[in-house]
Amino acid sequence: MAKLDKNYDVIIIGGGPNGLTAAGYLARAGAKTLMLERHHEGGGGLVTEEFSGFRFNTHAKLMLMMDCMPPYTDMNLESWGCRYVIPDAAISLLTREGQALTLFSDIERSAKNIAKFSPDDAERYVGLMKDWYTIVNDALIPATYSLPLPMLDMVVSYQKSELGEVVNEMAEETFLETLDAAGFENELVNTALLFMGTMYGIDPEDGLGFLLPLYANRVLHSAVVLSGSHQLAASLSRFANKAGASLERAAEVTKILTDGTKAVGVRLASGEEVFAKKIVTTTDPEMTFLDLVGEEACNAASPTLVKQTKEWEWESTSLFNVHFGLSERPKYAAAENDPDCDRSLIKVMNLETVDELMTHIRTVKEGGFSLAGSATTFTDYDPMQAPIDLEPNSAVACFETLAPFDNKDGDWDDLSKGYVSQIRDMWGEYAPNLRDATIIRDYVNHPKAIEAKLPNMKRGSIKHGAYLPTQMLSNRPNPDCSSYRTPIENLYVAGASVWPGGMVLLGGGYNAAGVVADDLGLERWWDEPTYVTEARKKGLVG
């Protein structure tokens, strides 16, 4: 690492998606910006590992907000090398009898497939999804890229519009209650919708029912980043570099330096100290306040900050995924009855009823492994993620499932090989050619491996902390810090543990950059998205 200057306008701790986003915006606004990343490369969960020409996206695989996130257009990330595709066939729920229910980003096309199982549900689906799309596009996506209103203020403001009233009511429901209110009769329809809401670890019995429409909408618009997920991080890095930010990797911060109740700089593992007017951290609350700042300095700034931090709850489930570099792509038996399922992005297996899905989730929460989940063949959309010049018919496919961090059956390293064998056998029941396909390379990522590679993903975290009513909106990470400012003057939070959360939304970095720019007296070079402006007029965002 090159010797650093002693003074900056802004120091950003962490080079994940939100750190890179904040660095780009602030540097382009004229701030002398330093980003410090402990790992040898940036990107956080945007990990793409290459083995013998096979590219495996080992953590963040599908991007849910690529088509509407402001940084993509503000920074013109396509010109910096980030391109993506959104398959029209989004998700197929496969049955053991060789049937499939395939849903599309297009509502009417989905309804035609649902009609094969239930004409009444097809009609219900059209009405419901049009309502859900309105909720998502007019309220929830705008809220993602704006500061959260305090909870009571949000409830009062939302009461002023019919749409806001609906969101208020959903906020009091669980996913199961929201789904039950929809009135679908067919189990495949109910299971597909609930799976889209829970596939990334949200507990369907924990409340926050408004997130079910959001996740259903966004999963149906899932994107694959061409050349691998890390290409998004690379494009953010290129923009930030061009804007003048100093991006330092293999530079671990061990202390946030304070003077009384003010943050003034950081100390690195090397012992070097660097100072700035503003410090922005993307680390989780425990690391930020208990480890980097320290309880004494936190207590000097706020009587509640340490207590709130110690009450932070991590997710009750993590993820287990296995990536295969195959001699041929999986071909699904259900395609004989539903040709669209063979090309859909997400194939759900071993889950046909809501009861089966709930048993799967509860088994995992209790520490067990459950053989069910979903698969994606990435080379169907981006052939270059496999070495097609050397292996012309080769493919990259991944199977992913919820999994416990603490496995009651033993050590993850010891168990993983057996789980991979079980997964391949089960997968082969749905894609028979997989039984004879050659596995050229493979990669297993279990919950403890996730934590080892990404320390802020504690307990194999998916989203830097559970999505609970007490940890969302203006409660994320806590009421003292939900404006991205903290009680410690000049210290800001911007990671996945702040609103709007994880899943590579870039919202934490985007929103925090605006707050820091305002506090530094910098002129914003970017315009607020039109959809946010319109939502503000309706009282749906702060």
Side-chain angles (χ1 to χ4, degrees), residues 61-62 91-97 99-101 103 174-180 184 186-209 211-212 215-216 219 314-322 332 334 341 344-376 398-410 412 415-416 418-431 444-448 450 459-463 466-468 503:
K61 302 166 188 64
L62 305 179
I91 184 168
S92 295
L93 195 152
L94 309 180
T95 75
R96 300 174 188 95
E97 290 73 34
Q99 301 292 320
L101 171 62
L103 301 179
T174 67
F175 279 17
L176 291 173
E177 290 168 337
T178 299
L179 183 62
D180 185 62
F184 291 110
N186 184 268
E187 277 291 337
L188 297 181
V189 177
N190 279 311
T191 307
L193 289 171
L194 189 60
F195 181 83
M196 288 190 284
T198 59
M199 63 187 288
Y200 294 118
I202 299 179
D203 193 317
E205 298 177 290
D206 273 345
L208 298 171
L211 290 179
L212 182 58
Y215 271 81
V219 170
W314 295 97
E315 293 98 318
S316 59
T317 60
S318 180
L319 295 172
F320 178 91
N321 48 68
V322 56
Y332 291 85
C341 83
S344 66
L345 180 63
I346 302 164
K347 280 91 168 175
V348 182
M349 290 173 268
N350 230 18
L351 295 169
E352 298 183 26
T353 68
V354 169
D355 283 346
E356 285 185 348
L357 178 53
M358 292 305 302
T359 298
H360 168 65
I361 293 170
R362 289 166 182 156
T363 297
V364 173
K365 287 177 63 178
E366 292 168 3
F369 181 79
S370 178
L371 189 61
S374 62
T376 293
C398 169
F399 183 89
E400 184 166 77
T401 183
L402 297 175
F405 181 75
D406 293 313
N407 192 321
K408 67 181 183 181
D409 294 327
W412 271 109
L415 294 167
S416 290
Y419 290 154
V420 170
S421 179
Q422 292 178 45
I423 287 169
R424 187 180 183 189
D425 288 344
M426 184 269 291
W427 198 347
E429 294 174 8
Y430 294 89
V444 178
N445 206 25
H446 59 66
K448 296 210 170 180
I450 292 171
R459 298 190 61 78
S461 170
I462 306 169
K463 304 175 295 298
Y467 282 8
L468 303 167
M503 304 304 300

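Only this structure's heavy atoms are used, side chains among them; waters, hydrogens and symmetry mates stay out. Note that the structure is predicted; figures quoted are calculated from it, not measured.
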Which heavy-atom pair separates [X] from [Y] by the least distance, and what is that distance?
X    : Y    : value
T317 : I462 : O-CD1, 4.1 Å
A334 : L94  : CB-CD2, 4.2 Å
L212 : G197 : CD1-CA, 3.8 Å
K408 : G368 : CE-CA, 4.0 Å
M199 : S374 : CE-OG, 4.3 Å

Value rounded to 0.5 Å, distance of [atom1] in [X] from [atom2] in [Y]:
X    : Y    : atom1 : atom2 : result
Y215 : T198 : OH    : OG1   : 11.0 Å
L351 : E187 : CG    : CD    : 12.0 Å
L93  : M349 : CG    : CE    : 10.5 Å
L402 : I202 : CG    : CD1   : 11.0 Å
F175 : D203 : CZ    : CG    : 9.0 Å
L194 : I361 : CG    : CD1   : 6.0 Å

Under the criterion side chain to side chain contact (heavy atoms under 4.5 Å, CB included), I'd like the reasoning laid out for D406 against K448: C-alpha separation, chi angles, the key distance, then a yes or no. CA-CA 8 Å; D406 293 313; K448 296 210 170 180; 3.8 Å; yes
Within the side chain of [X], is there an N or O that forms a donor-acceptor pair under 3.5 Å with the backbone of [Y]?
X    : Y    : result
Q99  : T95  : no
S344 : C341 : yes
S318 : P447 : no
E352 : R96  : yes
T376 : L345 : yes
T174 : D206 : no

Could you check whether any side-chain heavy atom of [X] comes within less than 4.5 Å of a side-chain heavy atom of [Y], counting everything from C-beta outward?
X    : Y    : result
M196 : L103 : yes
N321 : K61  : yes
I91  : F195 : yes
F399 : V420 : no
L62  : I346 : yes
Y332 : W427 : yes

Side chain to side chain contact (heavy atoms under 4.5 Å, CB included) between L415 and F369, intermediate numbers included: CA-CA 10 Å; L415 294 167; F369 181 79; over 6 Å; no
Please evaluate residues N190 and L357 with respect to the criterion side chain to side chain contact (heavy atoms under 4.5 Å, CB included), reporting the C-alpha separation (whole Å), side-chain torsions for both, the decisive distance (0.1 Å), and the verdict. CA-CA 10 Å; N190 279 311; L357 178 53; over 6 Å; no
Examine the side chains of S370 and T363 and answer whether a donor and an acceptor come within less than 3.5 Å of each other.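 Not at all, the side chains of S370 and T363 share no donor-acceptor pair under 3.5 Å.
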Under 30°, 30 to 60°, or over 60°: which ring-plane class applies to F320 and W412, parallel, tilted or perpendicular? parallel
Walk me through it: do V322 and Y419 pass the test side chain to side chain contact (heavy atoms under 4.5 Å, CB included)? CA-CA 9 Å; V322 56; Y419 290 154; over 6 Å; no
Charged N-O contact under 4.0 Å between K463 and E315: yes
